[in-house]
Each structure stands twice: as C-alpha cells, then as structure tokens.
Number of protein chains: 2
Amino acid sequence: MNVEKAWETLKEHSFKRTKNREAILEFLAERDGYTAAMDVGEFLKKDNPGVSFDTIYRNLATFAELDILEETELNGERQYRIHCDPGVHHHHFICTVCGKTKHIPSCPMDHIAVNLPGVEIQGHKFEVYGKCPQCK
Amino acid sequence: MNVEKAWETLKEHSFKRTKNREAILEFLAERDGYTAAMDVGEFLKKDNPGVSFDTIYRNLATFAELDILEETELNGERQYRIHCDPGVHHHHFICTVCGKTKHIPSCPMDHIAVNLPGVEIQGHKFEVYGKCPQCK
DNA sequence: GAGTGAATCGTAATCATTACTATTAATTAA
DNA sequence: TTAATTAATAGTAATGATTACGATTCACTC
C-alpha cells in the first residue's frame, strides 16, 4: 500500500485531504514496523504543535477501517503500520525492541486442524515476537 | 491445575496463605474462561469491600509468574484464567461474549515453517476469537 | 467566493493500571 | 503461646493511554 493508493481510497469514501492526514501517511509510509498511536502524535506535533488526541486517534482508526493501516495492540498500546499487503491475509513477526516487522505469509488457520465444534469463529490473532537482527 | 496444587506451588515459594489469595483461586477455579482483573476484584469485594487494587493486581501477576494462572490481554484489559494444562504449551479459542475458552492443543509454531532468518524468537501469541455455542 | 458539513482544537473526563506509605496479619522460632 | 519479623494489605494518589465533546476552522462543492 503506497500513499497514492491510500488517497484514492480516502477520496472514494469522501474523506478530505488535510495536513494532519498527509502527515500521518507520510510518517507511517517511511517506517517498516508498528508505531504506537502516541508516537504518531509526537510526529504530528512537529508541524502542528496543537494537534489534539481526537485528531490522532480518529484518523488512525479511520485508516485502519479502510484497510490503509494495519492495527494491533501491544503492551496495552494501540499500534499501527502501513498495510504491507492489502487484501491478502497475513501475519507478522514483531521486534519487541524497535517495532519493526517481518511478513509471515502463511496463516495458522490454514495449517492447523482447529477442532472447535459448534463455535462461530470471528477472527484470530497470530503474532511472533522477538528481536530483529539489528536489535540483537 | 487445581487449587490444592496451586497452594503447594505457593508454599514452595514461601508465599503466605491469605484470605484474598484464597478468594482469587476459589473464584477462578469455578470459571472456565478468561476473567478481567477488575472482575476478579469485584468478586473479592463481596467478602472484603476494602480490598485494594494493589492486592488484586499483585496477586494475579504473582500467580501468572508461578504458572498457576494463564494471562492474556484482550481489548486493553488484562485477563486471567486457571492454567488448564500447566507445563504443556497450548492455545485457546476465546468467546468474545462470555470469555469462555476452548483448549487448542496444537501450536502454529510447530506446523508453520516460519522463515525468519537472523531473528531471535522470544515468544508468540495465537488466539482464536468467536462465539461459543451458548452465546451464538 | 459563499455555504456546508467534515475535521480539528482545546480541554476535561474516563478507565485500567501502577505506586506508595502506614498498618495489619501470617508464619517462624524461642 | 507469644514475640518477632517480614510479607501482605488498605487506602489513596498518580499515571498514561484513550475517549468525549462543544466551539472553531477548514476543505471541498456549487
């Protein structure tokens, strides 16, 4: 998912092109891992010191709903990254030091015979944690 | 893991037998799914209205460290359950309505060729979410 | 360029969790 | 069995991320 594509998606859904949204996408496009919502906010403050929590959290949630960003929760913090392969279900290795991720294309739900009679499966979470080569 | 076994483990590590700890174990032994820390606290208040956050969180964390309880984080809340198969690595299906769990004995790490050269794997999380037969 | 609703600001509230000190209680050993 | 000692707890304040909301500003349409 590149930034151009994201703007197309936003336009399709009648979202406006604002400085804050530009800054969020610009920032996350440069990173290749998960970033906490608060850290995104810190970046926005460089250009816009008065940016409000409302703006940060609302836009990140909007982007996640539109599948522009991927979202996860780590250590009680919400984390976001640019969708690395939109539309294709996958998982991640996540570095616990720097947040960088590695794509894991396979999904445990395909490989594991999950024997759960009578239940209605709505979703799942699979993440691998550790240290990336740079942080070891 | 039954309550007797838990007390043995606690004794081995020189933890004292207190009313609060008895109540926590009694409560969680009766449940067959994850329960939020705050909900455990609510139960403690029945017998001990003045119980403090410190007591609730400290004991739950202690129990998790001793492998008496299993711990997870769901919707930004810490959740605990009696360890259903201590010492044997496994995962859970978790009902998003009532919190009840079903044991998943297999682990994706055994079945998936995770190709992550150079990384140091420290852990992983695999949970399946949905509705149990009673909550459908 | 004016009108309109979306987006934002500024700030307060919420909610789970953490922190800390004084007090109480469970165990140990005399 | 009691006294000593040390863990455990109560009570309460602080923290930190997130949510909420009225007032204002801004992006886009006509």
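Here is the naming used below: chain letters follow the sequence lines, and residue numbers restart at 1 for every chain. From a predicted model like this one, the values you see are computed outputs, not experimental measurements.
- Using a 4.5 Å cut-off on side-chain heavy atoms (C-beta onward), B:L25 and B:L10 make contact.
- Taking 4.5 Å as the limit, every side-chain heavy atom of B:F126 sits out of range of all side-chain heavy atoms of B:M109.
- Looking at heavy atoms from C-beta onward, B:E12 lies out of side-chain contact with B:L66 at the 4.5 angstrom threshold.
- For A:R21 (side chain) and A:K16 (main-chain N/O), a donor-acceptor pair under 3.5 Å exists by modelled atom type.
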Sub-3.5 Å pairs of nitrogen or oxygen atoms, protein against nucleotides 14-21 of chain C:
from, atom 1, to, atom 2, distance (Å)
C:dT17, OP1, B:R78, N, 2.6
C:dT17, OP2, B:Y57, OH, 2.3
C:dT17, O5', B:Y57, OH, 3.3
C:dT17, O3', B:R78, NH2, 2.9
C:dT18, OP1, B:R78, NH2, 3.2
C:dT18, OP2, B:R78, NH1, 3.2
C:dC20, N4, B:D54, OD2, 2.1

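- Using modelled atom types, no side-chain atom of A:E127 and backbone atom of A:I94 make a donor-acceptor pair closer than 3.5 Å.
- Between A:N75 atom CG and D:dG16 atom C1' there is a gap of 14 Å when expressed in whole angstrom units.
- Of the possible polar contacts, none joining the B:T101 side chain to the B:F93 backbone as a donor-acceptor pair under 3.5 Å is found.
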Below 3.5 Å between N/O atoms, which protein atoms pair up with nucleotides 5-8 of chain D? Just atom names and distances, please.
from, atom 1, to, atom 2, distance (Å)
D:dT6, O2, B:K16, NZ, 3.3
D:dA7, O4', B:K16, NZ, 3.0
D:dA8, OP1, B:K16, N, 3.3
D:dA8, OP1, B:R21, NH1, 2.7
D:dA8, OP1, B:R21, NH2, 3.2

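- Distance, B:L60 CG to D:dT9 C1': 15 Å, rounded to whole Å.
- Map B:R17 and A:P49 each onto its nearest nucleotide of DNA chain C; the residue landing nearer the 5' end is A:P49.
- A salt bridge is defined here as a Lys NZ or Arg NE, NH1 or NH2 lying under 4.0 Å from an Asp or Glu carboxylate O, and B:E42 with B:K45 meets this definition.
- Between B:K19 atom NZ and C:dA26 atom C1' there is a gap of 11 Å when expressed in whole angstrom units.
- A:N48 comes within 4.0 angstrom of the backbone, heavy atoms only, and of no base.
- A heavy-atom distance below 4.5 Å is not found between the side chains of B:T72 and B:H92.
- Distance CG (A:D47) to C1' (C:dT8): 16 Å, rounded to an integer number of Å.
- Going from atom NE2 of A:H13 over to atom P of C:dG5 covers 21 Å, rounded to whole Å.
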